[in-house]
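Below you'll find the structure, written out as structure tokens, and then a few comments.
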Amino acid sequence: MKRLLSTLILAAASATIAAAQPSPQISNVLNRTTTSLNGDWNYIVDVQEEGYYDYRMNPTEWGFFLNAKPQKPEDLIEYDFDKAATMKIPSDWNTKDDRLFFYEGTVWFKKSFQYHKTAAKRQFLYFGAANYESIVYLNGKILGRHEGGFTPFNFEVTDLLKDGENFVIVKIDNKRKKENVPTQIFDWWNYGGITRDVMIVETEDTYIENYKFTLDKADYNRIYFDLNLDKATQGIAVELQIPELKIKQTLTTDALGKASVTLKTKKLQLWSPENPKLYRVTLKLGENVLEDEIGFRSVETKGKKILLNGKEIFLCGISMHEEKFNGGGRANSLDDAKALLKEVKELGCNFVRLAHYPHNEYTVREAERQGILVWSEIPVYWTIDWTNPKTLDNAKSQLADMIRRDQNRANVIIWSIANETPHGDDRERFLSALATHARSLDSTRLISMAMEVTSASNFHNRLQDNMNKYVDIISFNQYIGWYRDVNDAAKMTWEIPYDKPVIISEFGGGAKYGHHGAKNQRWTEEFQENLYKENTAMLDKIDGLSGTTPWILKDFRSPRRVLDGIQDYYNRKGLLSDKGEKKKAWYVLKAWYDGKKSK
């Protein structure tokens, strides 16, 4: 009977939650008025979802989210957040609590905080990301639910936030499910928890919700600017300034709360890896001033070439997971971003593939400051539930959130919609819908996806993928030398029958740092070194090769990698060890990239 009651409670709770969704994402949160809620949060591990259980079957009146306290000596309350352990947020529970290293399930988090409200202001509770399903409560009232582990979300809390003592409680569930994005099987660690910043964002009653700068590809002295307010309000004046370009202009919103203008300038310095020029921009609405740093550049394709600012560029890249060095778990700070990107730059890269999900905003912005171009993708990985409309909606939502957050970052040149997805009609309907959706949201960047080579005859590979007509760049993963004999590389030929640039989105093989032996002995640095030598020589022969992002910058944790003494739950394909030690293959790739730049 108790189990039945619990099931009914969960069903009722789900119905309540489904009706509550996040507010539209507020752009450029890092430059708004905010109050950080980072720091120590209490947490309770809830293996059997007890946090919703009560005999009265009323989930709106009982549950962990109420943060209840006994009012009389005889009151029975079987939890107490204030007596529970604490965890630093942002972080992941896997590396912060030894009991939770492999845990997949529910953990409840609670933060008490003081807040002093400002008259005539609005407040939003913002999460940079939490993995995977988040249900958020403020002062015992539900705010809503968010699904997806790598994109930001926010809820308006103006009416619920008190002047004084408040508490926020979040139920995080990182269980893998068939209908999720990513789905049940993926080759990286399923870090659970509130993995990015939490803050209260303060705005005016009417505020600039989103804005976008676009450089005219035909005229580099012409810039298009668009903005929208949070509500459809006509006649609102917004002042735009770019002091270094001597631009000062006032825009007035239309009946939809939108405004746009074409800006003309002279001697505009274009953003590039060699000159990552950013201009200080201010937007003023009343007394509220919003600042940003904006770079201007053009990216397009012409036949089998990628053109940046009208000039052909070879993308010397590397793939990278969002994971700290030294087994530290999910990367989540500016310092983490700098540590990873320092290694990207030292390798000689001008390009990074942020795999296999949108990375922290700190990483994207720091890469922009350092002159590193970015491929950003959503976790449509391997075999998604292609025929499930809710799965497609989820993927579209994550795609939209990724684009909305980073649409003004000059270094982001590729939106990727998938990785290594098996061919089939259902897959093509799903991915073509994503590609169309991406173009409707942002027509200024290139669309790609990491394909698989499916046609091979002896030593001839012919890429065939019906998604070719939806992408601007033909990208595919190949592992000759790892899943096929490395000696085949010298004899291999490639045929890509599309007049589009080619990026090899993955190649590589595993080696444990410090493990040495013959070049044909797996897991040795010599094996990986030889694989890179053979592969780079082979890839040089591909017609239209415009860049590569080998797999991967550093070793990273994966539950699929179980070989004792070698893998130990790490994918060892990194050019660096998890401690940042350089393997011999690192020097091969750096020398190859140095040669590309000298041509």
Side-chain angles (χ1 to χ4, degrees), residues 212-224 268-277 295-317 349-353 368 371-377 403 406-418 431-432 434-436 438-451 453 462-476 478 493-505 539-549 592-593 595-599:
K212 183 179 181 180
F213 289 90
T214 306
L215 181 69
D216 190 319
K217 292 180 181 180
D219 181 356
Y220 293 161
N221 290 314
R222 188 188 303 269
I223 301 166
Y224 305 108
L268 180 69
Q269 293 186 53
L270 299 182
W271 185 100
S272 70
E274 298 77 24
N275 178 40
K277 173 64 179 177
F296 301 100
R297 59 94 191 97
S298 171
V299 62
E300 57 191 322
T301 64
K302 183 177 182 181
K304 295 192 174 186
K305 297 178 181 180
I306 297 174
L307 304 181
L308 184 72
N309 301 329
K311 298 178 181 179
E312 183 178 4
I313 185 171
F314 186 88
L315 301 175
C316 301
C349 297
N350 60 13
F351 180 52
V352 65
R353 179 187 178 206
E368 183 182 45
I372 302 173
L373 294 157
V374 163
W375 159 314
S376 187
E377 70 186 34
I403 292 174
D406 294 334
Q407 64 184 352
N408 284 310
R409 305 282 63 84
N411 59 331
V412 179
I413 58 170
I414 296 173
W415 302 125
S416 173
I417 58 174
L431 294 185
S432 62
L434 285 183
T436 301
R439 290 199 192 282
S440 72
L441 297 170
D442 182 8
S443 62
T444 69
R445 288 178 173 84
L446 308 176
I447 305 296
S448 194
M449 56 178 285
M451 302 173 180
V453 177
R462 187 176 194 272
L463 183 70
Q464 292 179 298
D465 196 314
N466 291 335
M467 283 300 297
N468 75 85
K469 55 182 172 290
Y470 295 99
V471 298
D472 300 296
I473 296 174
I474 303 299
S475 304
F476 60 91
Q478 65 82 24
T493 60
W494 296 86
E495 181 183 355
I496 294 95
Y498 313 116
D499 188 28
K500 296 183 178 183
V502 175
I503 292 178
I504 308 302
S505 39
L539 298 180
D540 270 331
K541 301 173 185 176
I542 294 179
D543 182 33
L545 183 70
S546 295
T548 68
T549 50
W592 190 55
Y593 281 162
K596 293 290 184 186
K597 294 174 189 174
S598 65
K599 292 181 180 179

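Here the side chains of Trp494 and Leu463 are not in contact, with every heavy-atom distance at 4.5 Å or above. Under the 4.5 Å side-chain criterion, counting only non-hydrogen atoms from C-beta, Leu315 is not in contact with Trp375. Within the 4.5 Å cutoff, the side chain of Leu270 has heavy atoms near those of the Tyr220 side chain. Residues Ser298 and Asn309 are in side-chain contact: their nearest non-hydrogen atoms beyond the backbone lie under 4.5 Å apart. Taking 4.5 Å as the limit, every side-chain heavy atom of Ile414 sits out of range of all side-chain heavy atoms of Arg353. Annotation: side chain of Asp543 is in contact with side chain of Lys304 (closest heavy-atom distance under 4.5 Å). The shortest distance between side-chain heavy atoms of Ile504 and Ile542 falls below 4.5 Å.
Under the 3.5 Å distance criterion, the side-chain polar atoms of Arg439 are left unmatched by any main-chain donor or acceptor of Ile447. Here the side chain of Asn408 pairs a donor or acceptor atom with the backbone of Phe213 at under 3.5 angstrom. The main-chain N or O of Ala410 is found under 3.5 Å from a side-chain atom of Glu368 such that the two form a donor-acceptor pair. Side-chain N or O atoms of Asn350 include none that pairs as donor or acceptor with a backbone N or O of Leu373 at under 3.5 Å. Between the Arg445 side chain and the Gln407 main chain, a donor and an acceptor come within less than 3.5 Å of each other. Side-chain atoms of Asn468 come within 3.5 Å of backbone atoms of Asp465 as a donor-acceptor pair (strictly under, hydrogens ignored).
Ala450 and Ser505 make their closest contact through CB-OG, 3.5 Å (heavy atoms, listed as atom of the first residue, atom of the second, distance). Of all non-hydrogen atoms in Gly317 and Tyr593, the two that sit nearest each other are O-OH, 2.6 Å. Closest heavy-atom contact between Pro276 and Pro273: CD-O, 3.9 Å. Taking every heavy atom of both residues into account, Phe296 and Leu215 meet most closely at C-CD2, 4.1 Å. Nearest heavy-atom pair across Ile413 and Arg297 is CG2-NE, 3.8 Å.
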Starting from the C-alpha separation in whole Å, work towards a yes-or-no answer on side chain to side chain contact (heavy atoms under 4.5 Å, CB included) for Asp442 and Trp415.
CA-CA 9 Å; Asp442 182 8; Trp415 302 125; 2.9 Å; yes
Going through the checks in order, is the side chain to side chain contact (heavy atoms under 4.5 Å, CB included) test met by Leu434 and Met449?
CA-CA 11 Å; Leu434 285 183; Met449 56 178 285; over 6 Å; no
Quick one: do Tyr470 and Ile417 satisfy side chain to side chain contact (heavy atoms under 4.5 Å, CB included)? Show the steps, please.
CA-CA 11 Å; Tyr470 295 99; Ile417 58 174; 6.0 Å; no
Full working for side chain to side chain contact (heavy atoms under 4.5 Å, CB included) between Glu312 and Ile306
CA-CA 6 Å; Glu312 183 178 4; Ile306 297 174; over 6 Å; no
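The distance from atom CD of Glu300 to atom CG of Leu446, rounded to the nearest 0.5 Å, is 9.0 Å. Taking CZ of Arg409 as the reference point, atom OG of Ser376 lies at 12.5 Å (rounded to 0.5 Å). In this structure, the separation between OG on Ser440 and CD1 on Ile403 is 7.5 Å, given to the nearest 0.5 Å. Taking CG of Asp499 as the start and CD1 of Ile474 as the end, the distance is 10.0 Å to the nearest 0.5 Å. Atom-to-atom distance recorded for Asp472:CG and Thr301:OG1 is 5.5 Å, nearest 0.5 angstrom.
Ser448 and Ser475 share a side-chain donor-acceptor pair at under 3.5 Å.
Heavy-atom neighbours of Lys305 NZ from other residues, nucleotides or ligands within 6.0 Å: at or below the threshold of 12. Within a 6.0 Å sphere centred on NZ of Lys217, other residues, nucleotides and ligands contribute more than 12 heavy atoms.
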